[in-house]
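A short worksheet on the structure shown next.
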Amino acid sequence: MWSEDNVKLLFFIVFLNTSRRFAHTTWPVYRGMNISGDIMLGALFPIHERSNRSHECGRLQEEGLQQLEALLFTIKKINENPKLLPGVKLGVVALDSCDSTTYALEQSLDFIKGFIARTNSHEQQFMCQDGSVPEFGDGSFDRVVGIIGGQSSSVSIQLANILRLFKVPQVSYQSTSPTLSNKEKYSYFFRTVPSDVNQAHAILKLLKKYRWTYVSIVYSNTDYGNKGYEKLQDLAPTYNICFSNPQSINVDHFNDYDYDTVIRNLRQKTNARVVVVFADKRTTRNLMTAATRLGITKRFVWIGSDGWSGRNSVVENNEEVLEGAITISPLVRSLSGFDQYFTSLTPENNKENPWFVEFWEEYFQCQYQALQDTKWSYKYHHWCSRNEKISQDNGYTQTPALHFVRDAVYAFAHALNDLHKDECGGKVGLCESMRRIEGAVLKRYLQYVRFTDENGKTFSFLPSGDAPPRYSVINFHNRSDGYKWTNVGHYIPLTFLRPEVGEKGEVSLELRENELRFKQGEPEFPRSFCSEPCRPGQRKLQGEGDTCCWLCTDCGEYQYLKNEYICIDCPWGTLPSASKAYCLPIPEEFLNFTNPWAIGTMGFAGLGILATIFTSLVFWANGDTPIIKAAGRELSYLLLFGIFLSYCMTFVIVTKPTPLSCGLTRFFLGFCYTLCYASIVTKTNRIARIFNQRSHRPCQKPRYTSPRSQLVITAILVSVEVVITIIWLLYDQPTVSYIYPTRRENILICNGSDKVSYLVGLIYPFILIGFCTIYAFKTRKCPDGFNEARYLTFTNYTTCVIWLAFLPLFVLSTSTTIRAVTLSFLFSLSGSVQLACLFAPKVYIALLRPEKNTKENVMSPHNKSASHGQSSSCGQLAPTLLINGGYATGNISGFYNNKLSMENALPVQVTSSHLVATMPNLILSSQEDTQKISVTSSPTATSCGDNNNSIIIQNKTL
């Protein structure tokens, strides 16, 4: 690996040989300008145009000369300012780059030789034969501490690659390539203009503002053009801009035919009326000349980059083609005082600028006697006059962006001034520590330099070494005084206009649209598009080979636009918005209290609730009557509570589904039926056991027949359902979900309510109904007060019919409304059947037929013609006491709770203990008259105790 010193030595040898080879070059005659000073700045300006011939330059261009004079004008102002670098004179060594990368690199060798000589003067690695330290030229190059330039990005990139090896800071006044923002590669490069990244945004915002969506683009095949094109292509989708038909121009090899081909290619795109040209001024001028040659004068709106913005050399002889052009340029401000300074210059008073006489000849198209013939002056046939003056009347205009040259000089001056304050401590003149200024030290001061620019704003470099994004928008149009470049707007940060918005304000494009013009006879700018924008809800179908053109097709009814080109289906439960830009959730539907079906079911349930309450009140008011006692009051109240819950479930079912309401529905779905039928099973089982005991074990008291026992048995039966339901709820916790019968419906339901598994809770009640039916059959021949076989059987059959009718409707229906209504009516109808069959007859007797609410009627056998030998759950027509004309044996004592009257029974010898044991609900009530009743036993009756014992029931009657 070579050391840095070896690299510099190699440069020294190569550069000496190169200088000898250039000695044969005859044009231009003058290659540099030297103004001495204590501290020297180097500069590169495109004084001449680029030539196609190697190592030669083209014609002198006024733009480069004005930039050089702006440098000299600024240095004079700095040297005259006693507060800026006091006692220190700035000098400059300026070279001509000829707007050529190759030529500029060759010219910069002089700077390199000076840097090597300066390094050697301190390290003394090379000595002359006489022992002296070698110098390059007169030693001016040895004192150069920084370089101003170049103008084009390609020149600046080549120069920056060399200068960083020698750690020499460089400040460009017009190079805008994004490549130069790479501080790792170009750590010593700064610029007073913004990067093309910002320029690309400005161009795209301009295109978007005028809705120019289909645009052609031409760019030079240089770093400047390629980087600009790449950045435009990268950002274009963000602005919905499409660049079609890109044309690349090889600046070194294109001839007139090639430029004509580019124009013909642009003309083929009939809808693309706008062309962006991202190229340098020479390339753009050749392109516009080709358009003039082909007669394409009113076809295009040209959008230009800063490489040729505001350049008169581009529009010269191409005014009709370029009329209406809009270009982006770093913020244009006139350099204050420069017009007066420049118009006062003459060849006699401007001896410092060796190229000024040549400019004088070009400007006035004359020959200057003191100057030898140039390559172009022979065309001028008269001598220049000493009375001629540069003025606006004879065509002078200040070249745009001269203030950037001024800013570059002031950046070095203020950095050196800050260094002078630190090193010299306010001492006037150049102190010893500043005799040799290290590039790394000066670079650090440049990074933090701050000064007031030509606009009166504080200037400082960004961390990337770039200037803040500040651009002018310039329009070239025909005015009453001729074709002019006119500033019509700007693209700058809002903080530049309104500091109060903060340090990081948005960059804004502002145009004075009333000043913008296209053509003299066509002031309005044409449209530039390939296809009309698609209507809302339509997607683009791109044509083959051209991504900028498309056909518009409608998205499906239930689709939305994912992007401009793709329609996708909205998820279930959503519908596309009117613009098809996104999907909107469908309002959820559920059976609520305002639905007619819900109103009907709630009305029916409400009547059932009132009927249940009414029945309960009747039972409570007539609780001591035989008919109510025979029904079993405790279990009847439990049964009524179950019926009440069945009616109440309607209001839970029709409410909005929530995890709570869903859980309650699933729990009470089986619980209500279980509570009802557990009560009925317990009651019928008790009656069957009592009367079965009479026929088989008349002397043994039945077990678990007390009211408390009945409630416990019912609770045990109900607890089975409770356990099953709780396990089910824990395994499959209640939640809500959505179903979508159609794409336009979004129905909120209890999760699983649309499945058969939702009816798991009804399995156990079905089993109870089966037992109910069995016991109803077994007690069919018991006394009327105890015999509910017909009613229970009818209730069970009716319930089964209801379930068989409604459950398939619930399972097979796809309508959640029908499901909910079915479930509600299932509860209500089942409760109504039980209320009508089991309670309505008793309520009827208690209220309307009180004459039947007697012991005799309650105890009358269901089938009086039944033979004594028939077998049933009630035995052989269970023996009864013949009272008030009948017979009884045994000593009867005790009270029966249900006030049962038993008559027409077979005579039987009974004891009081036997009666109490077998008929605990029989109550003997007091009567004033004393009767002597004889009880005898039938031959077929079972006898308990002494048959000869006769008992006298005194003061007692049923």
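Because only heavy atoms are used, hydrogens play no part in the values below, and waters and symmetry mates are left out as well, while side chains stay in.
Under the rule for a ring-ring contact (aromatic ring centres under 6.0 Å, His included), the partners of Phe671 that lie at least two apart in sequence or sit in another chain are Phe667, Phe668. Under the ring-ring contact (aromatic ring centres under 6.0 Å, His included) criterion, Tyr844 pairs with no residue at all, not counting sequence neighbours. Legend: residues meeting side-chain hydrogen bond (donor to acceptor under 3.5 Å, both in side chains) with Glu557, ordered by chain and number and at least two apart, are Arg744. Applying the ring-ring contact (aromatic ring centres under 6.0 Å, His included) test to Phe604 and every residue at least two apart in sequence or in another chain returns Phe825. For Phe827, the ring-ring contact (aromatic ring centres under 6.0 Å, His included) criterion is met by Tyr673, not counting sequence neighbours. Listed by chain and residue number, nothing satisfies the side-chain hydrogen bond (donor to acceptor under 3.5 Å, both in side chains) test with Thr601 (two or more places apart in sequence, or in another chain). Tyr738 pairs by the side-chain hydrogen bond (donor to acceptor under 3.5 Å, both in side chains) definition with Glu588, not counting sequence neighbours.
A donor-acceptor pair is defined here as one N or O able to donate and one able to accept, closer than 3.5 Å; no such pair exists between the side chain of Lys852 and the backbone of Ala846. The backbone N or O of Leu610 lies less than 3.5 Å from no partner atom in the side chain of Tyr647, so there is not a single donor-acceptor pair. Of the possible donor and acceptor atoms, none in the side chain of Tyr677 sits under 3.5 Å from a partner among the backbone N and O of Phe766.
Phe590 and Leu748 get closest at one heavy-atom pair: CB-O, 3.9 Å. In terms of heavy atoms, Gly670 sits closest to Thr674 at O-OG1, 2.6 Å. Taking both residues in full, the closest heavy atoms of Glu745 and Tyr740 are given as O-CD2, 3.4 Å, listed atom of the first, atom of the second, then distance.
Applying the side-chain hydrogen bond (donor to acceptor under 3.5 Å, both in side chains) test to residues at least two apart or on different chains, none of the pairs has a partner in residues 604-622. Counting only residues at least two apart or on different chains, the side-chain hydrogen bond (donor to acceptor under 3.5 Å, both in side chains) pairs with a member in residues 715-724 are Glu721-Thr725. Sorted by first then second residue, the salt bridge (charged side-chain N to carboxylate O under 4.0 Å, His left out) pairs that include residues 792-817, not counting sequence neighbours, number zero. Evaluation of the disulfide bond (SG atoms under 2.5 Å apart) test over residues 584-631, restricted to residues two or more places apart or in two chains, returns none. Residues in residues 567-656 take part in these disulfide bond (SG atoms under 2.5 Å apart) pairs, two or more places apart or across chains: Cys555-Cys567, Cys570-Cys583.
With no hydrogens or angles considered, a side-chain donor-acceptor pair links Thr682 and Thr714 at under 3.5 Å. Judged purely by distance below 3.5 Å, without hydrogens or angles, the side chains of Thr655 and Ser661 never pair a donor atom with an acceptor atom.
Side-chain contact between Asn595 and Ile599: absent, with no pair of heavy atoms (C-beta onward) separated by less than 4.5 Å. Side-chain contact between Ile749 and Ser737 is present, with at least one heavy-atom pair separated by less than 4.5 Å. Contact annotation: the side chain of Pro587 never approaches that of Asn746 to less than 4.5 Å [non-hydrogen atoms, C-beta and beyond].
Atom CH2 of Trp597 is surrounded by 12 or fewer heavy atoms from other residues, nucleotides or ligands within 6.0 Å. Within 6.0 Å of atom CZ in Phe771, 12 or fewer heavy atoms from other residues, nucleotides or ligands are found, so the atom counts as exposed in its surroundings. Heavy atoms of other residues, nucleotides or ligands lying less than 6.0 angstrom from CZ of Phe614 number 12 at most. Open room surrounds CZ on Phe641; 12 or fewer heavy atoms of other groups in view lie less than 6.0 Å from it. Heavy-atom contacts from other residues, nucleotides or ligands closer than 6.0 Å to OH of Tyr582 number 12 or fewer.
One distance of note links OG of Ser646 with CD1 of Ile609; it measures 10.0 Å at 0.5 Å rounding. Atom CG in Leu584 sits 12.0 Å away from atom OH in Tyr560 (nearest 0.5 Å). Here the CG atom belonging to Leu829 is positioned 11.5 Å from the CD atom belonging to Gln834, to the nearest 0.5 angstrom. For the atom pair CD of Glu634 and CD of Gln710, the computed distance is 9.0 Å after rounding to the nearest 0.5 Å.
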